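Taking it in order: structure first as structure tokens, then the write-up.
For clarity, every value in this text was computed on a predicted model and none was experimentally measured. Excluded from the calculations below are hydrogen atoms, water molecules and symmetry mates; all remaining heavy atoms, backbone and side chain alike, are included. Counting starts at 1 for both ligands and their atoms, in listed order.
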Amino acid sequence: MIILKTPDEIVKMRLAGRVVAEILKILEEKVKPGITTNNLNAIAEFECKRRGAVPVFKNYPNPRGGRPFPGVICASVNDEVVHGVPSNRVLEEGDIISIDFGIILNGYAGDSAITVPVGEVKAEALGLIKVTEEALYKGIEKAVPGNRLGAISNAIQRYAEKQGFSVVRDFVGHGIGRSMHEDPPVPNFGRPDRGPVLKPGMTLAIEPMLNVGTYRVYTAPDGWTAITYDHSLSAHFEHTIAITDNGPEILTKRS
Ligand code: MG
Ligand code: MG
């Protein structure tokens, strides 16, 4: 069941989204060769406390069983797609890191992700990052009342594949509101004429994950980290948006 939000609820989601954006911006600026993913995690945790925000990834139950997620952020490096567990791994010049981050503030969730180059990176990595962010915006453009949800999915897939990248199938976006994950699932692939008709008041987390090589992924022995099957690079961008009469409003927009 898709839960439509009232204008008052969207105001609250805008505040949660703003906090997510502020903290991601801080993390983006901290990404440099020599920092560990645990360092980034600690910064995120501190910034949540300061703002009275509850980090929602921490202790998230593992759908495959096993230990709950230990981090405040997901930190996925190079061939890691999503759900990378923060660790003492030191980021090196030429790496790329995807940071996924979500909170609940005053009862409403915000969820957003960015991929950031570490120092100087190869042109292929920069291209992947650019196209993944552009694919997200291609999807967001279709988040208008009257379209079907599949229009978002299809726009992302078409753009990504036209640029020569593949779209991960095993993980998808989602509705968001009082909970981090609500109906409907928001795939990054598929036909434009499928799925529910979009309505004002729907709030979605749209989150394409693009790979240089195969779209296939596997889960690491830690029970969380998703890795590309062929170890090619992967990037991830996500925004929480609200569908309004005037089109999409990005609730997690960074300044
Ligand atoms: Mg996320
Ligand atoms: Mg999400």
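- The atom of Asp111 nearest to the Mg ion (ligand 1) is OD1, with the search restricted to N, O or S atoms.
- One finds no salt bridge joining Arg254 and Glu29 here, because no Lys/Arg side-chain nitrogen approaches an Asp/Glu carboxylate oxygen to under 4.0 Å.
- Going from atom CD1 of Ile23 over to atom CD1 of Ile103 covers 6.0 Å, rounded to the nearest 0.5 Å.
- Not one N/O/S atom of His181, from backbone or side chain, sits under 2.8 Å from the Mg ion (ligand 2).
- Summary: OE1 is the N/O/S atom of Glu238 found nearest to the Mg ion (ligand 1).
- Vertex the Mg ion (ligand 2); arms to His174 atom NE2 and Glu207 atom OE2; angle 90° (nearest 10°).
- Judged by distance alone, the side chain of Thr228 and the main-chain N or O of Ser232 form a donor-acceptor pair under 3.5 Å.
- The Mg ion (ligand 2) does not have Asp100 among its coordinating residues (no N/O/S atom, backbone or side chain, under 2.8 Å).
- Shown here for Leu27 and Leu40, the closest heavy-atom pair between the two residues is CD2-O, 3.4 Å.
- Taking a cutoff of 4.0 Å between a charged side-chain nitrogen and a carboxylate oxygen, Glu9 and Lys12 do not qualify as a salt bridge.
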